Amino acid sequence: MRVGYGKKPVPPRPSEHPHLDESWLADGWFSLFLNWLRDATEYVAPGGGRIAEPNAMVLGTVDDRGLPATRTVLCKGADDRGLVFYTNYESDKAHHLDMHPYASVTFPWVLIERQAHFRGQVEKVSEEETAEYWHTRPRGSQLGAWASHQSRRISARGDLEAALEAVTRQFCDLDYVPVPPFWGGYRLKPSVAEFWQGRENRLHNRIRCEKNGSGWEVFRLQP
Ligand SMILES: Cc1cc2nc3c(=O)[nH]c(=O)nc-3n(C[C@H](O)[C@H](O)[C@H](O)COP(=O)(O)O)c2cc1C
Ligand code: PXP
């Protein structure tokens, strides 16, 4: 199958916004990231379309053979320390991070012709931070996390549903489902951040910043 040129978005084109400039990253990645995440969250296309899951980011890790793996996770926390996501600490990605605690994440905001990309060291968040987030999750998602041994094989869908029924019974007398010991957050602490903005003729804007001691080195890359 040939993957060709899609339909162009109708006006107003986000690519008519001012050129991405090095000065926007003078203080590091965080404030521009927040602005772009907000733009992605609030954007409504002329036909009414929105960006589904604007906080979705593609997480890249490497396995013990050095083979890369990517999958989507939701960014559930962001501050100048880094970007937080939650997952199963016994999943494939967690095993990758145990062996090699570095990762990349990419936010592909295609509808607004922007992309933000980060690379850096990853560490687990504190149990308190995990618990605080866990208790905001719907009970169904909490039970689902208990029921799923993420990334392990299962022979039939029915086994998964039976596991959900079992944990539903197990916790039916509790007002609050406890945090599973095998579940929690990770924080990716960017040492490299790159912002991409689509432009005519594929002459896109790319500005990268790299941690340099306590500051950031900022530079433009060819598209
Ligand atoms: C939009 C979207 C959001 C997702 N968010 C998460 C998430 O926040 N945490 C998570 O563990 N899995 C999430 N998943 C599922 C992962 O992509 C992945 O299938 C799962 O974490 C297992 O990955 P692993 O086997 O590489 O560890 C999401 C999937 C999609 C499509
Ligand atoms: C397995 C899994 N864990 C965690 C999440 C994070 O989102 P939430 O905490 O809102 O369920 C997702 C989102 O799709 C998910 O699929």
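Numbering of residues begins at 1 and proceeds along the displayed sequence. Indexing begins at 1, ligand by ligand and atom by atom, following the structure's order. Just so it is clear, the structure is predicted and the values come from calculations on it, not from any experiment.
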Side chain to side chain contact (heavy atoms under 4.5 Å, CB included), that's the test. Do Phe107 and Cys75 meet it? Break it down for me.
CA-CA 10 Å; Phe107 292 81; Cys75 177; 4.0 Å; yes
Shortest non-hydrogen contact from Leu174 toward Arg139
O-NH2, 3.0 Å
Closest non-hydrogen contact found for Ser191 with Trp216 is O-CZ3, 3.8 Å
Ring centroid separation Trp196 to His117 under 6.0 Å:
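Aromatic pair excluded; centres sit 6.0 Å or further apart.
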Candidates Tyr186, Phe182, Tyr133 - the one meeting ring-ring contact (aromatic ring centres under 6.0 Å, His included) with Tyr86:
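Single ring-ring contact (aromatic ring centres under 6.0 Å, His included) partner of Tyr86 among Tyr186, Phe182, Tyr133: Tyr133.
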Can Arg114 be said to sit on top of Trp109's aromatic six-ring, NZ or CZ under 6.0 Å from centre and within 45° of the ring axis?
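No, Arg114 and Trp109 do not form such a contact.
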Tyr89 six-ring centre to Lys124 NZ/CZ under 6.0 Å and within 45° of normal
yes
May I ask you to test the Val58-Arg71 pair for a side-chain heavy-atom distance under 4.5 Å?
no
Determine, step by step, whether Arg206 and Glu194 satisfy the side chain to side chain contact (heavy atoms under 4.5 Å, CB included) criterion, reporting the C-alpha distance in whole Å, the side-chain angles of both residues, the deciding distance to 0.1 Å, and the verdict.
CA-CA 7 Å; Arg206 294 176 66 193; Glu194 185 187 316; 2.6 Å; yes
Filter the ligand 2-protein atom pairs down to N or O on both sides and distance under 3.5 Å, then list them.
unit_1	atom_1	unit_2	atom_2	d
ligand 2	9 (O)	Tyr133	OH	2.4
ligand 2	9 (O)	Arg137	NE	2.8
ligand 2	9 (O)	Arg137	NH2	3.4
ligand 2	10 (O)	Lys76	NZ	2.9
ligand 2	10 (O)	Tyr133	OH	3.3
ligand 2	11 (O)	Arg137	NH2	2.7

Taking non-hydrogen atoms within less than 4.0 Å of ligand 1, which protein residues qualify?
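Around ligand 1, where the cutoff is 4.0 Å for heavy atoms, the contacting residues are Arg71, Thr72, Val73, Leu74, Tyr86, Thr87, Ser91, Asp92, Lys93, Gln150, Ser151.
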